[in-house]
Amino acid sequence: MSKFSREKVMPRYLALAVILTLVGLAVIAKAAYTMTADKDYWLAVANNQVKLVDSIKKPNRGNILSCDGQLLASSIPEYSLFVDLYPTYIGANDKDTAWSRKLSEIWRDSIDALCDGLHRIFPEKPAAEFKEDLLKGFQATRGRRHWPVWRGIVDFSTKARVQQLPIMNLPQKRGGLIAEAHESRRHPFGSLAERTIGSRDSARYGIDMAFDSVLVGEIGIEHWQKVRNKWVPKEVKPAVDGCDIVTTLDIEMQDLAEQALLKELKDRDHLMGVAILMEVQTGDVKAIVNMEKGPDGTYSERLNHALGYRCEPGSVFKTASILVALDDGMVDTSYVINTGNGVMPMHGANMKDHNWYRGGYGSINVARALEVSSNIGVSFVIDHHYKNNPSKYVEGLYRVGIGQDLKIPLNEYRPPKIRFPDTKTTNKSLYWSKTTLPWMSIGYETQIPPINTLAFYNAIANDGKLVQPRFVKQIVKEGNVVQELPPVVLKEQIAKPEVVKKMQTILRHVVSQGLGKRAGSKAFQVAGKTGTAQVSDNEYNYHTGKRCHWLSFCGYFPADKPRYSCIVCVKTTTGPPSGGLVSGTVFHNIAEGVMAKDVRKVAANAGDTHSVYVPDVKNGDIVAADYVLGKLGVNTSGNWMSAAGQGGPVWGVASISGKGVKLEKAGDNDGVMPSVIGMGARDAVFLLEQMGVKVVLQGAGNVKSQSIPVGSALRGRMRCVLQLG
């Protein structure tokens with residue numbers, strides 16, 4: 001039997017329904033009242049507590065440093081300057097406020113002084129134009145918050161000077177200066193290695209782009225909340241500044257290489273030049289120069305040709321060809337080739353040596369063929385031993401590293417192109433003819449960027465170990481190493497050790513008794529190879545008759561204990577086209593400059609014992625001066641007492657006395673103006689403010705003049721202007 005009692009339950013449900021209905025009606029009535037009668041009150045409450053959308057806080061971009069910590073690229077703030085002509089407090093809701101009336105008076109009384117001050121900071125624009133421009137701003141649309149003060153980007157010091165002017169020194173949102181910050185990339189050493197370091201406006205190339213994710217850092221987030229008419233920031237996520245990048249570049253070596261190359265380019269009006277200097281053991285790139293002649297005749301870094309300019313390398317490629325043949329056991333260095341009178345027919349075309357018009361070299365061995373850069377000698381060896389199996393020769397080129405993709409992280413790097421035999425393709429640039437093998441062996445029909453040629457020669461200097469050229473060695477955060485980027489070995493051995501030793505000997509002979517003599521030095525041994533190739537480029541090609549040559553020298557030094565490898569390439573239309581004469585001379589200047597840099601004499605041994613070494617000492621706190629001079633070993637003398645027990649510094653003047661510095665205590669200046677001429681700004685301000693004088697500084701440096709004459713009686717809070725210089 002059901003226990004449900006209708007007579008008891010239904011009245012309860014009815015009572016509950018009535019109560020809920022009354023509550024609902026009350027809520028609706030309260031909402032209606034709030035929307036009408038209480039509208040103004042609640043709008044005022046909402047205006048006092050408003051949360052904006054999240055704002056982005058940008059991190060500081062990391063710096064790029066040289067191998068010894070010098071700044072190569074850094075981000076600094078620059079500013080666009082605006083004035084707030086109609087802040088929210090002026091004319092808000094068309095109300096005439098006390099501040100709006102006061103601000104109008106300030107503008108009326110100070111606009112001329114403001115414009116005169118702006119003209120002093122920006123002299124190219126007259127004060128009258130500044131005034132006309134600002135008055136035009138008052139006629140603009142009401143509510144305009146940003147009216148340009150100066151249509152350009154300024155640095156921090158300029159912004160600070162503008163901010164001190166009348167009206168500009170008012171608080172933000174009260175009619176003062178509004179400075180919008182922009183991040184600007186600066187290179188303290190100008191265009192030095194600019195194409196490798198990176199762009200000055202954005203991360204478009206170079207190390208700046210390759211390591212953008214490391215340099216950029218992490219953005220921060222802030223909430224802005226309005227509390228009683230004040231906007232209060234609340235940091236939700238702090239911005240994390242980017243890491244610094246420590247490169248392998250050496251500023252002194254970079255400057256040395258650039259100046260040596262530029263001199264050759266300007267003296268002979270060449271089109272383009274490349275120079276790369278690298279440490280043998282580590283592959284650290286110490287200097288990389290890319291100079292190209294512009295339409296106006298000046299040279300600058302426009303593209304990173306050292307990494308990306310693929311062209312036929314010429315005779316520097318012969319070293320790779322002979323190394324392959326020696327490593328495969330096809331020939332030995334004593335193998336003799338009859339080069340005849342300097343002209344030899346090969347598959348319907350004539351191969352010529354550079355001295356063919358003088359009768360050629362006759363019979364020479366393989367080693368001598370490289371020393372004198374004989375086209376016939378090298379091409380005969382390769383064609384004779386590999387014509388039935390050219391793939392074996394090409395495979396050998398990749399084996400010895402000349403065709404290796406170095407996987408350099410910079411975006412302008414282009415790996416070399418050395419094609420395999422293919423007689424079925426319809427693409428003429430890929431077709432393998434009977435003349436391809438002999439001409440490829442002497443540096444034609446291939447495309448090799450300079451960095452790959454240098455890496456190959458560096459491997460020979462490194463006893464056969466091929467290392468990847470390294471541009472960055474550390475990632476640093478706040479002085480602490482976050483990540484080490486150690487040298488990368490691409491091949492432990494490019495050829496048999498005994499073959500590498502033979503090639504080292506040949507390359508030394510190229511410089512000592514071959515065509516590379518210009519690259520040599522009387523102070524140390526140099527090893528390397530010259531290269532000269534006729535290249536096709538726009539109007540300079542084989543059909544127009546206008547010739548363009550790619551001249552190069554690649555080698556290392558000192559040859560007995562290799563420390564550095566270097567390649568110099570020059571593109572030119574002027575003669576004579578000789579890699580040894582042009583590039584070899586630049587190589588010589590770079591090598592001798594680098595070696596001289598490491599020969600440093602102790603400064604003490606070069607000093608003149610009869611000279612008097614006395615530092616310049618400012619007038620001021622002579623106790624501090626005596627302490628510093630004592631640490632420097634400079635004798636001091638004077639009639640002053642220690643500050644201990646005197647309750648403060650002892651002020652005085654310094655003068656040279658014999659071989660030391662004489663420090664004399666200044667006389668008592670109670671109630672009269674002392675002389676602060678010659679003091680540093682800090683000492684002068686400290687001394688005068690202790691005496692109750694208000695100090696105004698103008699300029700920078702030591703005190704040159706003071707507005708209150710020495711000996712004048714001091715009364716009250718006097719104001720003294722100190723001119724520094």
Side-chain angles (χ1 to χ4, degrees), residues 55-58 60-61 74-91 99-188 200-201 224 230-231 233 681-682 685 694-701 704 707 719-725:
S55 63
I56 301 299
K57 191 174 182 181
K58 291 184 178 180
N60 294 319
R61 189 173 180 83
S74 180
S75 294
I76 62 173
E78 290 187 330
Y79 301 88
S80 299
L81 303 182
F82 303 90
V83 62
D84 191 356
L85 296 179
Y86 294 97
T88 52
Y89 300 91
I90 303 176
W99 176 247
S100 67
R101 292 191 296 274
K102 182 179 179 181
L103 188 59
S104 297
E105 294 176 5
I106 294 174
W107 270 98
R108 184 175 61 253
D109 297 339
S110 305
I111 188 169
D112 289 332
L114 168 62
C115 295
D116 289 339
L118 290 173
H119 172 63
R120 287 194 299 271
I121 298 173
F122 307 106
E124 55 267 44
K125 186 174 180 179
E129 288 189 21
F130 276 111
K131 185 173 182 179
E132 180 183 356
D133 195 38
L134 289 172
L135 292 176
K136 188 186 299 182
F138 283 107
Q139 301 170 4
T141 307
R142 292 183 62 83
R144 179 73 177 268
R145 302 298 307 276
H146 290 59
W147 186 259
V149 174
W150 175 251
R151 300 184 185 278
I153 304 297
V154 302
D155 57 20
F156 177 82
S157 61
T158 303
K159 185 210 80 166
R161 291 174 63 192
V162 173
Q163 203 160 19
Q164 294 175 356
L165 297 176
I167 302 174
M168 297 294 111
N169 56 9
L170 294 173
Q172 282 194 8
K173 299 184 181 179
R174 301 283 281 180
L177 178 70
I178 298 176
E180 290 188 351
H182 311 279
E183 186 181 77
S184 178
R185 203 68 165 161
R186 286 290 177 266
H187 293 186
R200 302 191 196 188
D201 51 5
W224 285 80
K230 289 186 178 180
W231 290 101
R682 187 182 68 171
V685 171
K694 179 177 176 59
V695 179
V696 177
L697 298 176
Q698 294 181 352
K704 295 298 182 183
S707 62
R719 181 175 179 270
C720 182
V721 179
L722 301 182
Q723 186 67 45
L724 310 179

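Numbers for residues simply follow the sequence, beginning at 1. Values in this document were obtained by computation on a predicted structure and should not be read as measured data.
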| request: Evaluate the criterion side-chain contact (heavy atoms from CB on, under 4.5 Å) for residue pair F122 and T158; output intermediate values, then yes/no. | output: CA-CA 9 Å; F122 307 106; T158 303; 3.8 Å; yes
| said: Test side-chain contact (heavy atoms from CB on, under 4.5 Å) on I111 and L135; report intermediate values, then the result. | reply: CA-CA 9 Å; I111 188 169; L135 292 176; 3.9 Å; yes
| task | Would you please test S80 and I153 for side-chain contact (heavy atoms from CB on, under 4.5 Å) and show each step? | result | CA-CA 5 Å; S80 299; I153 304 297; 3.3 Å; yes
Separation between [atom1] of [X] and [atom2] of [Y], rounded to the nearest 0.5 Å:
X	Y	atom1	atom2	result
D109	I167	CG	CD1	9.0 Å
Q698	Q723	CD	CD	5.0 Å
K136	E129	NZ	CD	10.0 Å
E78	E180	CD	CD	14.0 Å
H187	S74	NE2	OG	9.5 Å
E132	L134	CD	CG	10.5 Å

Over all heavy atoms of both residues, which pair between [X] and [Y] is shortest? Give the atoms and the distance, please.
X	Y	answer
Q164	N169	O-ND2, 4.0 Å
A179	L81	CB-CD2, 4.2 Å
P166	S110	CB-CB, 3.9 Å

| request: Return yes when atom CZ of R186 has more than 12 non-hydrogen atoms of other residues, nucleotides or ligands closer than 6.0 Å, and no otherwise. | output: yes
| request: Begin with the C-alpha distance, continue with both residues' side-chain angles, and end with the deciding distance and a verdict on side-chain contact (heavy atoms from CB on, under 4.5 Å) for L118 and K125. | output: CA-CA 8 Å; L118 290 173; K125 186 174 180 179; over 6 Å; no
| note | Tested for side-chain contact (heavy atoms from CB on, under 4.5 Å) against Y79, the lone hit among V154, L177, V162 is V154
| query | Under the ring pair (Phe, Tyr, Trp, His ring centres under 6.0 Å) test, which residues partner F130, sequence neighbours left out? | reply | none
| said: Among residues at least two apart in sequence or on other chains, which ones pass side chain to side chain contact (heavy atoms under 4.5 Å, CB included) with D116? | reply: R120, A127
| Which salt bridge (charged side-chain N to carboxylate O under 4.0 Å, His left out) pairs, counting each pair once, include a residue from residues 152-162, with sequence neighbours left out? | none
